[in-house]
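The structure under discussion appears below in the form of structure tokens.
Residue numbers begin at 1 in each chain, while the letters A, B, ... track the order of the sequences.
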Amino acid sequence: MSTELTVYNSLSRQKEVFTPLNAGHVGLYVCGPTVYNPVHLGNCRTFVSFDIVYRYLLAKGYKVRYVRNITDVGHLTDDGEDRMSKGARLEQLEPMEVAQKFANQFHDVMRTLNALPPSIEPRATGHIIEQIELVQEIINNGYAYEVNGSVYFDVAAYNAANEDRYGELSGRRIDELLSESRELKSQDEKRNPSDFAIWMKAHEDHILRWNSPWGEGFPGWHLECSAMSTKYLGEEFDIHGGGNDLKFPHHENEIAQNVGACRHAGARYWIHTNMLLMNGKKMSKSDGNTITPEELFSGDSPHVSEGYSPLVVRFFMLQSHYRSTMDLSDEALQAAKKGHTRLMEAWNILQDLEAKGGGQNDTVGKELEEGLAAAYAEMDDDFNTPRALARIFELVTRINALQGGQLSLEEVSPDRLADFLTRLGTLLFDVLGLRNEAASAGAEQEALSNAMQIILDLRQQARTDKNWALSDKLRDALSHAGITVKDGKDGATWSIE
RNA sequence: GGUUGGGUGGCCGAGUGGCUAGGCAAAGGUCUGCAAAACCUUGUACGGCGGUUCGAAUCCGCUCCCAACCUCCA
């Protein structure tokens, strides 16, 4: 059983059946971070969301080219300072050192969260020539003008020639934007307030600068994504993603640049992720309502009672839909941690189940198969990970019941169970990107496992002798050592807290 | 002020015009030497006010609140 993948397209504001431009292939572009400071946890959520998109498309059998850029020039602060230069000034480093440092840190965090690396990770500074060429094309087409060494995109001219399409993504109306004719600093060169710089003249103290037909300068913030998506995915491609906060002006301007340069809007499907909140409010450094990924993992923060495994954090993120805001709190993380443990333990239990059914005796096996198909169907519905997890937890209950004897293994055929095991594993680990941490065995793990078996055998002997004092002592001591013993029908099992 | 998206049970979080989301927590039961785990059962929910409808938490209007972005003010 297979359903069609539907995707919520920000452009149309509704779910659409996903049909790639070239059958079997998907071009996916995601706006990556501006690497001037440590990666924000909210960014992590966005990139985990797109990791799911990427993984699920792969699981559907598509050949995916996943491009996620690194912005290392042109993104200015409110004061007009380049974010990279600001980072360099604060850290007393060369701007490219800053970019490298925080790109490395970003990669470390994403790897820890078990996110797959993109196929191509281009940098804005590595594509200055492409960006200059793009500016030139836009000028040639009459949608940009040069003033004193800077080049501005002419939104009014663009709109006049393109049926007022500026604002199609964000819902903003150009006349509203135009009427807000308040003059901002260094905007006096613009013909209209809604015009935006695609190339900026570099002043004497500006470090990041390149030669161009318009003098020494640097590319505007939105330009790099237009240039790089076009270069690696073509003038028209399938999916463009990014955080909700980038919808305007960043993505709106990107579309305008693409259309302005080559008449194609770039992406056919736009996917936007929603924001991560903490304790019901936005994360903000100024009022202390913030936590870094590292602090979350280590527990070194007043906002959490303990450190959380990155895989628990990932699981936590998957419990909400990518288009909803998600509220991070210690209580919610505690719940996620327990749910994650329950899920992984069920997976471990499943490995040891022996199906004894066959022929007509396969009712439970059928239920397992149907439940799993339902979970996959939820993924087809706009990558609905929380619903997929809900279906999976219903399967967890069945797996536990099979082990506990409430459901009979006589009602599961071996073939069905083997298939179920494979497909569930694919969903959990390949698609959702979870990882069974306890099972990542090495020689030490092997030795520990053997030693535990010896201890459990001794304890079993004590229990057989009704020596409760000794058996409880062993259990308590192990508990203090971080190992939980659980007595079952077929002997005891153990797990690390 | 504008644009967009939200307000769901103790917490998190799906969803939908009538059919149990799920996780965590809580209560009762089964199992167990005890405990834990597991399994079974259970509960007050859809911000407020109107309207449409046989029926709305789900559609419409108004209002309050939250978030992102833009803008304004400072």
Side-chain angles (χ1 to χ4, degrees), chain A residues 8 10 13 42 46 167-182 184 193-194 196 242-253 272-284 312 315-343 345-346 349 371 374-375 378 381-382 384-407 462-469 471-472 475-476 478-479 483-490 492-495 497:
Chain A
Y8 182 90
S10 301
R13 298 196 184 111
T46 291
E168 62 182 323
L169 178 66
S170 58
R172 282 174 167 73
R173 301 255 39 92
I174 185 66
D175 45 349
E176 284 166 3
L177 291 169
L178 288 175
S179 68
E180 290 155 358
S181 56
R182 196 57 73 157
L184 293 172
S194 54
F196 55 94
N244 217 217
D245 51 342
L246 295 179
K247 205 186 262 183
F248 188 90
H250 186 62
H251 290 156
E252 196 71 69
N253 291 353
H272 289 96
T273 60
N274 218 135
M275 301 292 104
L276 181 67
L277 309 179
M278 186 157 80
N279 300 318
K281 288 190 290 197
K282 67 173 170 178
M283 288 201 195
S284 156
V312 167
F315 174 83
F316 169 72
M317 290 175 172
L318 298 184
Q319 279 188 302
S320 77
H321 187 77
Y322 75 85
R323 279 191 287 118
S324 300
T325 52
M326 142 146 258
D327 194 3
L328 184 108
S329 66
D330 191 58
E331 204 176 354
L333 284 164
Q334 284 289 331
K337 179 185 164 184
K338 289 180 184 170
H340 177 258
T341 301
R342 181 170 146 90
L343 176 57
E345 293 194 343
I349 286 167
E378 299 292 6
D381 184 10
D382 196 28
N384 199 324
T385 53
R387 281 187 77 87
L389 282 172
R391 298 291 83 75
I392 291 171
F393 270 101
E394 286 165 359
L395 295 170
V396 165
T397 300
R398 287 199 163 53
I399 291 167
N400 285 331
L402 281 168
Q403 193 214 20
Q406 293 89 354
L407 288 176
R463 295 182 71 209
T464 307
D465 299 342
K466 295 203 190 299
N467 185 349
W468 308 127
S471 76
D472 287 355
R475 186 172 66 197
D476 292 346
L478 286 168
S479 175
I483 293 170
T484 307
V485 175
K486 299 168 194 164
D487 293 320
K489 277 191 164 30
D490 308 318
T493 58
W494 60 279
S495 60
E497 263 306 294

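Of the candidate nucleotides B:rG5, B:rC39, B:rG13, B:rG13 has the atom lying nearest to any side-chain atom of A:P386. Of the candidates B:rC69, B:rG13, B:rG23, B:rG23 carries the atom nearest the A:F393 side chain, counting heavy atoms from C-beta on. Here the nucleotide nearest the side chain of A:N384, chosen from B:rC39, B:rA14, B:rC70, is B:rA14. Checking B:rG22, B:rC69, B:rG33 against the side-chain heavy atoms of A:R463 singles out B:rG33 as nearest. Distance from the side chain of A:S471 is smallest to B:rG33 among B:rU4, B:rG33, B:rC24. In the set B:rG22, B:rC69, B:rA14, the nucleotide with an atom closest to the side chain of A:R387 is B:rA14. In this structure, of B:rA21, B:rC70, B:rG23, it is B:rA21 that holds the atom nearest to the side chain of A:E394. Closest to the A:N400 side chain, of the nucleotides B:rA14, B:rG23, B:rC39, is B:rC39. Of the candidates B:rC69, B:rG13, B:rG33, B:rG13 carries the atom nearest the A:M326 side chain, counting heavy atoms from C-beta on. Comparing B:rC34, B:rC24, B:rC69 against the side chain of A:A335 picks out B:rC24 as the nearest.
For B:rC34, the base has a donor-acceptor partner in the side chain of A:R475 [N/O atoms by modelled type, under 3.5 angstrom]. Between the side chain of A:N244 and the base of B:rG6, no donor-acceptor pair of N or O atoms lies under 3.5 Å.
Rounding to whole angstrom units, NZ of residue A:K247 and C1' of B:rU3 are separated by 9 Å. Nucleotide B:rG15 holds its P atom 9 Å from the CD atom of A:E378, rounded to whole Å. Between the CG atom of A:L246 and the C1' atom of B:rC70 there is a distance of 14 Å, rounded to whole Å. When the C1' atom of B:rA68 is taken as reference, atom NE2 of A:H250 falls 16 Å away, rounded to whole Å. If you measure from atom CG of A:N274 to atom C1' of B:rG6, you get 8 Å, rounded to the nearest angstrom. The NZ atom of A:K337 sits 20 Å away from the P atom of B:rC12 (whole-angstrom rounding). Here B:rG5 presents its P atom at 13 Å from OH of A:Y322, a figure rounded to the nearest Å. In this structure, A:D476 atom CG and B:rA36 atom P are separated by 13 Å, rounded to whole Å.
The nearest pair of heavy atoms linking A:D382 to A:Y8 is OD1-N, 3.1 Å.
Each of A:Y8 and A:E331 was assigned the nucleotide of RNA chain B with the nearest heavy atom; the assignment lying further toward the 5' end belongs to A:Y8. Ranked by how close their nearest RNA chain B nucleotide is to the 5' end, A:Q406 and A:D381 are led by A:D381.
Atom name P, nucleotides B:rG5 and B:rC60: the rounded distance is 12 Å, in whole Å. The gap from the C1' atom of B:rG61 to that of B:rU52 amounts to 11 Å, rounded to the nearest Å. Between B:rG13 and B:rC62, the distance separating the two P atoms is 28 Å to the nearest Å. Nucleotides B:rA36 and B:rU20 have their P atoms positioned 31 Å apart, rounded to a whole Å. Only the C1' atoms considered, B:rU8 is 6 Å distant from B:rA45, to the nearest whole Å.
Annotation: side chain of A:E168 is in contact with side chain of A:E252 (closest heavy-atom distance under 4.5 Å). Residues A:Y322 and A:T385 have side chains not in contact (no heavy-atom distance under 4.5 Å, counting atoms from C-beta outward).
Relative ring orientation between A:F393 and A:F315 is described as perpendicular, the plane-to-plane angle rising above 60° on a 0-90° scale split at 30° and 60°.
Residue A:S324 has a polar side-chain atom (N or O) positioned under 4.0 Å from OP1 or OP2 of B:rA14. Using a 4.0 Å cut-off, no side-chain N or O of A:R391 falls inside it from OP1 or OP2 of B:rA14. Distances shown here put a side-chain N or O of A:K282 below 4.0 Å from the OP1 or OP2 atom of B:rA68. Within the 4.0 Å cut-off from OP1 or OP2 of B:rG22, not a single side-chain nitrogen or oxygen of A:R342 is found.
Across the strands present, B:rC39 finds its partner in B:rG29; the criterion is a Watson-Crick or G-U wobble pair with both atom distances under 3.5 angstrom. Within the shown strands, nothing qualifies as a pairing partner of B:rA45 under the Watson-Crick or G-U definition with both distances less than 3.5 Å. Checking B:rC73 for Watson-Crick or G-U wobble geometry (two distances, each under 3.5 Å) identifies no partner in any strand. B:rU3 is paired with B:rA68 under the Watson-Crick or G-U wobble criterion, all donor-acceptor distances under 3.5 Å.
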